[in-house]
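Written out below as structure tokens is the structure these notes cover.
Reminder, nothing fancy here: chain letters follow the sequence lines and each chain counts from 1. Note: hydrogens, waters and symmetry copies are ignored here, and every other heavy atom, side chains too, is used.
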Protein chains: 2
Amino acid sequence: MKRNLDWEDLRLFLAVAKAGGLAGAATATGISAATLGRRVSALEESLNVRLVEREARGYRLTAAGQELLLQAEDMDRSAQSILTWREGGSVRRRIRISAGEWTMRLLIDNLSAFWRPDRDWVPEFLADLRNRDIARRQIDIGIRNSRPKQEWLAGRKVGSVQFAAYQARTVPAGHDLGWIGLVEDDAHSPTGIWLKETHGTEAVITVNKAALALSLVRQGQVRMLLPVFVGDAYEDLVRITDPIESLTTERWLVVHHDERHRSQVREACTALARLLKQNPCLAPDFFPAPL
Amino acid sequence: MKRNLDWEDLRLFLAVAKAGGLAGAATATGISAATLGRRVSALEESLNVRLVEREARGYRLTAAGQELLLQAEDMDRSAQSILTWREGGSVRRRIRISAGEWTMRLLIDNLSAFWRPDRDWVPEFLADLRNRDIARRQIDIGIRNSRPKQEWLAGRKVGSVQFAAYQARTVPAGHDLGWIGLVEDDAHSPTGIWLKETHGTEAVITVNKAALALSLVRQGQVRMLLPVFVGDAYEDLVRITDPIESLTTERWLVVHHDERHRSQVREACTALARLLKQNPCLAPDFFPAPL
DNA sequence: AACTGGAATTTCAAAAATGAAACGAAACCT
DNA sequence: AGGTTTCGTTTCATTTTTGAAATTCCAGTT
């Protein structure tokens, strides 16, 4: 295809000019002499000027080549300042992790179990569960409840999540309470279906914040289906069912298959997998006791 | 392969940043949006920093991306001055043409037949007949006496050259003269073989400059085998044989097959071919008459 | 003068990059 | 609210680039 001035050709010309030939430049750049020769020829063609005399023992710059060398050195100064900027500043990569609200809190509660400040990556948490955001690189690692289906996603199973029904310990046995659910868990979701099939009812109240729902449960006003890593973390809550088999979900770490070989992404995945396979619970102190 | 900072990635990032997304940058650079997306991702990976937020309607620079943009603009200023340097100065390409000494003089004598100052190339003549110099791009077009054999050479036949024996017109008929030859035309060359077979002798005198040999012939001191485009150009010379079939050679324009699609090389070849197919002679005034 | 070492070019198989086309989703318009 | 347009990503066939190995040749050494 037809190109503009290729800056990489300039960079390689610079290396050849500095080394006085292809052999030295090949050593300096890690690119083969054959390729460097072709790139210099390509630059001569695009600039329409002879830049080097090709001799048996190396390349000698023409007058035009010497002029170009000066300008390529200008570009190299800017390039060197880019490298200095990256090496001098924080070179730690922010790894964006997305999960549902409960799982997000689980990670935050257990941060020290999978991350320390001396690591060369920093976790950044985002509550966004769309795979499209992994495609757009807005998310590096997603924690999802099923195996990824798209071929551009790579997944790793890291355990499963059990659900059970909970109410406040202060509610008298046999007292009939309504159910609360999350807006996204509508009547067609697994939790909605379970509720209809076992209690012949739907959630009386729905909210879009899991933390708010939890407060109402702890106040003794409603019952709720919760992941056991949440429900079991609060001593003022009690299960009113055993873990519900039909609501058990898997837990997957999902990344873009292009990204999974990146060292920080891999380290983060390894650390998260180690944590999640231990089936940790929330740290309940995070939430204030209900008034 | 593992690379250093790829300057072409920087150039393409600059285009994406200026356009606010892949679509506009694709239009500006002629490179597809898919490729630009990959190149920006590659740059993020090599610099180990997120440079853009990928949104549905374009790319938005992160803080690091904005910093990098400033430095890439520095590099672009140098790149623009390279383009200005090339456009402001002479953009005409020097085309190096190599041929034997006689053919070289033929070209110079007939310069206006194949080149004019308004052309976008300038001929540069070199007396060097080695094909290796075409490989090393020290020569753009070689005029050779046989079809090129190497596969990296492209050839175009442009006629043939006849040879005949000449002496000075002033030499009396039947007067026995010795022969002069060129150093490179030794006893094993076609001319050496012909001389031995037809006259049972070798060249008495050898010189390494064709012009010097010609002077001696014109002074009436020796006889010589000459290309007819040289011998017939001098009225004070006379053929003493008809054109010698066994010494006739072909005439080929030879270029590197990589170079033959370059417009200036192609123009020069076309012009030279047009001239040489007319079987032109030397302009005899070029050489001073013998004292 | 002969031999050796080093450098560049060429060939061709392998690897990498590219782009057309399809797809998905968000923003915009009616 | 529904339809259209625009943008970015993915897939896969095609194109381009790359590098290992071979070749050639020149400079340096013995």
Using whole Å, what does the distance between atom [atom2] of nucleotide [N] and atom [atom1] of [X] come to?
{"X": "W152(A)", "N": "dC12(D)", "atom1": "CH2", "atom2": "C1'", "answer": "18 Å"}
{"X": "Y59(A)", "N": "dC25(D)", "atom1": "OH", "atom2": "P", "answer": "17 Å"}
{"X": "L36(A)", "N": "dA8(C)", "atom1": "CG", "atom2": "C1'", "answer": "11 Å"}
{"X": "R39(A)", "N": "dT16(D)", "atom1": "CZ", "atom2": "C1'", "answer": "11 Å"}
{"X": "D258(B)", "N": "dT10(C)", "atom1": "CG", "atom2": "P", "answer": "7 Å"}
{"X": "I134(B)", "N": "dT10(C)", "atom1": "CD1", "atom2": "C1'", "answer": "15 Å"}
{"X": "R60(B)", "N": "dG8(D)", "atom1": "CZ", "atom2": "C1'", "answer": "15 Å"}
{"X": "K149(A)", "N": "dG24(C)", "atom1": "NZ", "atom2": "P", "answer": "14 Å"}

On the nucleotide [N], are OP1 or OP2 found under 4.0 Å from the side-chain N or O atoms that [X] carries?
{"X": "H256(A)", "N": "dT10(D)", "answer": "yes"}
{"X": "T35(B)", "N": "dA17(C)", "answer": "no"}
{"X": "R137(A)", "N": "dT10(D)", "answer": "yes"}
{"X": "R54(A)", "N": "dA7(C)", "answer": "no"}

Quiz item: Which is true for Q150(B) with a 4.0 Å heavy-atom rule: it touches a base, it touches only sugar-phosphate, or it touches nothing?
Solution: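 Counting heavy atoms under 4.0 Å across all strands, no contact is made by Q150(B).
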
Quiz item: Base, sugar-phosphate alone, or nothing: which one does A34(A) contact when heavy atoms must sit under 4.0 Å apart?
Solution: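 Touches a base.
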
Exercise. Assess whether one donor atom and one acceptor atom, taken from the side chain of R38(B) and the base of dT11(D), lie less than 3.5 Å apart.
Key: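 Under the 3.5 Å cut-off, the side chain and the base do form a donor-acceptor pair.
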
Self-check item: Base of dA27(C) paired with side chain of R57(B) (donor-acceptor, under 3.5 Å)
Solution: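 For R57(B), whose side chain was compared with the base of dA27(C), there is a donor-acceptor pair (under 3.5 Å).
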
Self-check item: Which residue lies more 5' along DNA chain C, comparing A33(A) with R136(A) via nearest heavy atoms
Solution: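 It is A33(A), whose closest nucleotide lies nearer the 5' terminus.
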
Using a strict cut-off of less than 4.0 Å between a Lys/Arg side-chain nitrogen and an Asp/Glu carboxylate oxygen, indicate whether [X] and [Y] qualify as a salt bridge.
{"X": "D9(A)", "Y": "R39(A)", "value": "yes"}
{"X": "R38(B)", "Y": "D258(A)", "value": "no"}
{"X": "D74(A)", "Y": "R77(A)", "value": "yes"}

Practice problem: May I ask you to check whether over 12 heavy atoms, not counting those of R147(B), lie within 6.0 Å of atom CZ? | Solution: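 Open.
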
Practice problem: Choose from dG8(D), dG19(D), dT10(D) the nucleotide whose nearest atom is closest to any side-chain atom of L22(B). | Solution: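 When the side chain of L22(B) is considered, dG8(D) is the closest of dG8(D), dG19(D), dT10(D).
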
Quiz prompt | Minimum-distance nucleotide to A135(A) side chain [options: dT11(C), dT10(D), dG19(D)] | solution =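 So the nucleotide nearest the side chain must be dT10(D).
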
Exercise. Could you verify whether a donor N or O on one side chain and an acceptor N or O on the other, from W85(A) and Q71(B), lie under 3.5 Å apart?
Key: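 Q71(B) and W85(A) do not have a side-chain donor-acceptor pair below 3.5 Å.
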
